[in-house]
Amino acid sequence: MGVIDNTHYDKLEDSFTADDYGSISPIPPKQLCLEDCILMAGVGWFQVRLFIVVGLFQMAEAMELTLVSFIGTIVEKELNANETQASLAASILFAGMLVGTAIWGVVSDLFGRRKALIIALTISTIAAFISAASTTYTMMVICRLFVGIGASGGHVACTLLVELVSPVQRSAWFTFGMAFFTIGVLLQCLLAYLVLEYATMSWRWLFLLSAIPSLFPMACCIPWTSESPRYLLQRGRTDDALKVLYKISNINGTSLEADKVFLSPQIEQEPSISTLLCSLISPLHLRLSVLLWLMWFGSTGSYYGVLVLTEYVFQDSGDLYLNTLITAAFEIPSYPMMLFLSEWGRRQCLALTLALAAIPLVALPSVLHSRVWSILCAGFSRMFTYTAFDSLWLYTPEIYPTYVRSTGFSICSAVGRLAGIAAPFIAQLPPIMAGSVFAVWCGIGMIAALSLRIETKGRPLDLGEPEPVVTIRTSIRDLAQSLLRKSYPKDDSPVVMSFRPQST
């Protein structure tokens, strides 16, 4: 009897396996999916360049938004506008953002993040420079409308950044990117003080200097950004997605093994606008969308409400621009606060900061006689509302799947702009009423945050938890349980969220 040589079988052991029927089939080599490729491409100069573009866009948007605190006084003095027209001049920017957010989200999901970002930057920059040359009130309002339409594309840049950063580093990158927003707020307040109060120059110089920073992200966007490989893969453009991944790898100085990369398209046909919008109110996303809309309305409305309310509170003190600059500085601590609380949990961060923001908003009308206490109440309300606002900017793109991420983000932002449009008119009410309204908005957002079921901290994109069938009875029960619980249950089970649009 011959001796059996086991060497041959030992060599086969690593390459073959027996299936259920006893036959032997080859084991395919380990392949890299999209998430693996993004991780292996590393973090380096590519993400830094994208981070700079996002930050500069946030800074330019913040400078235009902060003009809302001064534009009412400017149009009343310089363009002979009445009080209602002054409020309209402040609100028209948010009306433009309402229109723009609805546009850029759909454009981004249909035609690409990068194209939508470039077009939005172009519109915002051109309109900002033209507004400095406005000769009539009507021309000013129209220009500010288009500034709002273009500036609302900032969420597209944030979506692009979120899609190209690993889950572990996402919170830190996003937090420091949003820090440019506060830099823009402080810079605008300083410009207003130097131009209008210290040097007593024309308001046109303020508008012109405020428009210059928008040139920087537009100049950097074309050479420094690439299309999102997640978007390309969703559109079936596998080869283009691979080119972007190899580009990221080359710029970062890492390497991807081409024979191990395996990407497959996630959808077979281009979605329509109606498909994207219907997906947000499908059974899979309806409850989540409603909760996000309530939180966006509460946090955005209360934040911009504080901006406008500050103008009415400090305009008679003779130090409007200086006091606004001081209260804006309270936003600086919001970044380490958000970074710390986000690691505790996105939902907890949202609920806590919205609850804390309501306290100084209610107290502000009762301390108007004291400049110090007025600044403290306005400053702390800005700090907490801005922390909640930034947390929503991080949570929203994390929770929506890729095929509808930008559209869902834009609709949420549009709901927030509705509150921003109403804020200047509510600020004209007696201070006690205005502060109470903004505090109620914070309370609505807090209750919505407590009702969230999905925690996104540390999770890869396109993972989540499909919402169960929800009735009014279960919603009330779950809300009561959320309010009564002293702590949140740990939610670590990775449950896959569907990638495809659901039929409704």
#### Entry: Verdict with reasoning, Leu452 to Gln348, per side-chain contact (heavy atoms from CB on, under 4.5 Å)
CA-CA 10 Å; Leu452 289 172; Gln348 293 90 326; over 6 Å; no
### Task
List the steps and the verdict of side-chain contact (heavy atoms from CB on, under 4.5 Å) for Gln47 and Ile248.
CA-CA 8 Å; Gln47 281 80 6; Ile248 297 173; 4.1 Å; yes
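Looking at heavy atoms from C-beta onward, Thr385 lies in side-chain contact with Cys442 at the 4.5 angstrom threshold. Leu208 is listed as a side-chain neighbour of Phe129, based on a closest heavy-atom distance under 4.5 Å. Between Leu145 and Val141, the closest side-chain pair of non-hydrogen atoms is not below 4.5 Å. Proximity of Pro229 to Leu164: side-chain heavy atoms (C-beta onward) are separated by under 4.5 Å at one or more points. Between His155 and Leu160 the shortest side-chain heavy-atom distance does not fall below 4.5 Å. At a threshold of 4.5 Å between non-hydrogen side-chain atoms, the residues Met383 and Met337 count as touching. Contact check for Leu394 versus Met338: side-chain heavy atoms found under the 4.5 Å cut-off. Between Val306 and Leu361 the shortest side-chain heavy-atom distance falls below 4.5 Å.
Around the CH2 atom of Trp205, the shell of radius 6.0 Å holds no more than 12 heavy atoms that belong to other residues, nucleotides or ligands. Remark: Trp293 CH2 is packed, more than 12 non-hydrogen atoms of other residues, nucleotides or ligands lying under 6.0 Å away. Open room surrounds CZ on Phe146; 12 or fewer heavy atoms of other groups in view lie less than 6.0 Å from it. Other residues, nucleotides and ligands place more than 12 heavy atoms under 6.0 Å from the CE atom of Met201.
In this structure a side-chain-to-backbone donor-acceptor pair under 3.5 Å is present from Arg204 to Ser134. Side chain of Trp104 to main chain of Ile149: a donor-acceptor pair is present (N/O by atom type, distance under 3.5 Å, no hydrogens or angles). Judged purely by atom type and a 3.5 angstrom limit, Ser289 uses its side chain to pair as donor or acceptor with the backbone of Leu280. Put simply, the side chain of Asn323 never gets that close to the backbone of Ile375: no donor and acceptor are under 3.5 Å apart. Judged by distance alone, the side chain of Glu455 and the main-chain N or O of Arg346 form a donor-acceptor pair under 3.5 Å. Side chain of Ser91 to main chain of Ile421: a donor-acceptor pair is present (N/O by atom type, distance under 3.5 Å, no hydrogens or angles). The main-chain N or O of Glu331 is found under 3.5 Å from a side-chain atom of Ser334 such that the two form a donor-acceptor pair. At distances below 3.5 Å, at least one donor-acceptor pair connects side-chain atoms of Ser451 with backbone N or O atoms of Ile447.
How far NZ of Lys77 is from CH2 of Trp203: 14.5 Å, rounded to the nearest 0.5 Å. Distance check: Gln85 CD to Met140 CE gives 12.5 Å after rounding to the nearest 0.5 Å. Considering OG1 of Thr407 and CG of Asp109, their distance stands at 3.5 Å, rounded to 0.5 Å. Distance check: Leu206 CG to Ile74 CD1 gives 5.5 Å after rounding to the nearest 0.5 Å. To the nearest 0.5 Å, atoms OH (Tyr303) and OG1 (Thr387) are separated by 10.5 Å. Of the inter-residue distances, the one linking Leu350 atom CG with Ser299 atom OG reads 7.5 Å to the nearest 0.5 angstrom.
Aromatic ring pairs are classed by plane angle as parallel below 30°, tilted from 30° to 60° and perpendicular above 60°; the pair Phe389 and Tyr386 is tilted.
Of the N and O atoms on the side chains of Tyr304 and Arg417, at least one donor lies less than 3.5 Å from an acceptor on the other residue. A donor atom on one side chain and an acceptor atom on the other are found under 3.5 Å apart for Thr225 and Arg114. Side-chain contact annotation: Ser249 with Thr254, donor-acceptor N/O pair under 3.5 Å present. Between the side chains of Ser413 and Trp393, not a single donor N or O lies within less than 3.5 Å of an accepting N or O.
Aromatic pair Tyr400/Phe409: ring centres not closer than 6.0 Å.
Under the 4.0 Å criterion applied to side-chain N and carboxylate O atoms, Lys115 and Glu227 are not assigned as salt-bridge partners. In this structure, Arg230 does not pair ionically with Glu163, as no charged nitrogen and carboxylate oxygen lie closer than 4.0 Å.
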Please tabulate, for side-chain N and O atoms in residues 49-68, each donor-acceptor pair with protein atoms closer than 3.5 Å (sequence neighbours left out).
| from | atom 1 | to | atom 2 | distance (Å) |
| --- | --- | --- | --- | --- |
| Glu64 | OE1 | Arg144 | NH1 | 2.7 |
| Thr66 | OG1 | Ala62 | O | 2.6 |

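Summarising the geometry of Leu450 relative to Ala351, their closest heavy-atom pair is CD2-CB, 3.8 Å, with the distance given to 0.1 Å. Pairing each heavy atom of Cys412 with each of Leu292, the nearest pair is SG-CB, 3.7 Å. Closest heavy-atom contact between Met446 and Ala355: SD-CB, 3.5 Å. The two residues Ser410 and Thr101 come nearest to each other via the heavy atoms CB-O, 2.5 Å.
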